[in-house]
Amino acid sequence: MNDFVEQCRREWKRLGVRDPVAEEMATELASDLSEAEAEGISAQEFLGRSAFDPPSFAAAWAAERGIIPEHQPSRATARRRPVFLMAFTGVAAIALVIAAALLLTGEPKLTLASSQVRPRLLGPLPPDVGRQVHTTSASTPVEWILLVLAIIALGFAARLWSTRIRARPPSAA
Amino acid sequence: MLDLCLLAVMDQEPAYGYEMTKRLRERGLEFVGEGSIYPLLGRLEREGLVETFRAASNGGPPRKYYRPSTSGRLALALGVTEWRAARDAVDAVLAPVKIEVAT
């Protein structure tokens, strides 16, 4: 009997039922089961098929009472989420700093092509003749794209943090 | 239908969970345990059809008692009316039936 109630407690905890409510339900159930047992009625007779499936019984009871939080992630997901969110925020912040630093330097950073032309002229060539260096301004759009993406990512991260803080139960605050 | 029966037995006198199943069994409803009354009581509580309070039981620890709220009594009255109408209609259909079993 105690095992049945304990399994119900675990299920309520897993589902996020608040401790005082779970305790109230566990006490009610334990008292009824004790009285039934004292009168010679087994848990199977009292609870029927539910006696063989405590988690389902506990979940059904909590669901009907409307005491299960709407969004209930698994324990593993709940543990991993802050780590992922912190990492995501960190990467976005680094990307923002890099993009800003690149833009502040002003000069094109990338040389995309370099070629040398040997003209058919006789005589010595001035140093800047015969060598054509093709530089482009392609680095500038890349920096701007990185900056915009970093800002969007930081905004998304801020929204996730805000949602997480609001969803935190009062006892954890 | 079982929720209507629960409202009826707790309307006679406030009762805790196990006490309600005993009253129902005394009136011939032996199948109560198959679905368990707790989810039903939970739903009645969520819908505001019952009120609960803690009180000492006969020599035992304090128990959670249920009784119909005002809304619960109204739901009980409406439910009983509907049930009786349905029962009478079914009776009217089944009344002329004469069962003869060939042996």
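Below, read A as the first sequence line, B as the second, and so on, with proteins coming before strands; counting in each chain starts at 1.
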Report task. Check the pair A:Arg14, A:Glu11 against salt bridge (charged side-chain N to carboxylate O under 4.0 Å, His left out), reporting the backbone distance first and the verdict last. Result -> CA-CA 5 Å; A:Arg14 191 189 71 77; A:Glu11 182 65 10; 3.1 Å; yes
Query raised in the report: Which bit of A:Ile41 comes within less than 4.5 Å of chain B, counting heavy atoms only: side chain, backbone, both or neither?
Result: side chain
Query raised in the report: With distance as the sole test, does B:Asp3 use its side chain to make a donor-acceptor pair with the main-chain N or O of B:Leu40 at under 3.5 Å?
Result: no
**Report entry** Derivation of the side-chain contact (heavy atoms from CB on, under 4.5 Å) call for A:Leu33 and B:Tyr18
**Finding:** CA-CA 8 Å; A:Leu33 284 171; B:Tyr18 179 65; over 6 Å; no
Query raised in the report: Hey, are A:Glu28 and B:Tyr38 close enough side-chain-wise for a donor-acceptor pair under 3.5 Å?
Result: no
**Report entry** Heavy-atom pair of closest approach, residues A:Phe57 and A:Cys8
**Finding:** CD2-SG, 3.7 Å
Query raised in the report: What pairs meet the side chain to side chain donor-acceptor pair (under 3.5 Å) rule with one or both residues in residues 86-102 of chain A, with sequence neighbours excluded?
Result: A:Thr89-A:Trp161
Query raised in the report: Looking only at heavy atoms, which two atoms of A:Ala58 and A:Trp12 are closest? And how far apart?
Result: O-NE1, 2.9 Å
Query raised in the report: Would A:Leu147 and A:Leu96 count as a side-chain contact (heavy atoms from CB on, under 4.5 Å) if you check the C-alpha gap in whole Å, the side-chain angles of each, and the deciding distance to 0.1 Å?
Result: CA-CA 6 Å; A:Leu147 182 71; A:Leu96 181 70; 3.5 Å; yes
Query raised in the report: chain A contacts: which residues in residues 4-17 of chain B have a non-hydrogen atom closer than 4.5 Å to it?
Result: B:Tyr16, B:Gly17
**Report entry** Check: B:Arg54 side chain, B:Arg63 main-chain N or O, donor-acceptor pair, under 3.5 Å
**Finding:** no
Query raised in the report: Looking at A:Glu45 and B:Arg25, what are the two nearest heavy atoms and their distance?
Result: O-NH2, 2.9 Å
Query - Contacting moiety of A:Ala63, where chain B heavy atoms sit under 4.5 Å - result: backbone
Query raised in the report: Any side-chain donor paired with an acceptor under 3.5 Å for A:Glu6 and A:Asn2?
Result: no
**Report entry** pair B:Arg43-B:Arg46: side-chain heavy atoms closer than 4.5 Å
**Finding:** yes
Requested in this report: Working to the nearest 0.5 Å, report the span between OG1 of B:Thr52 and CG of B:Leu41.
Outcome: 10.5 Å
Query raised in the report: Measuring from B:Lys22:NZ to B:Glu19:CD, what's the distance to the nearest 0.5 Å?
Result: 6.5 Å
Query raised in the report: chain A contacts: which residues in residues 64-84 of chain B have a non-hydrogen atom closer than 4.5 Å to it?
Result: B:Lys64, B:Tyr66
Report task. Sort by residue number and list every member of residues 149-158 of chain A having a non-hydrogen atom under 4.5 Å from chain B. Result -> none
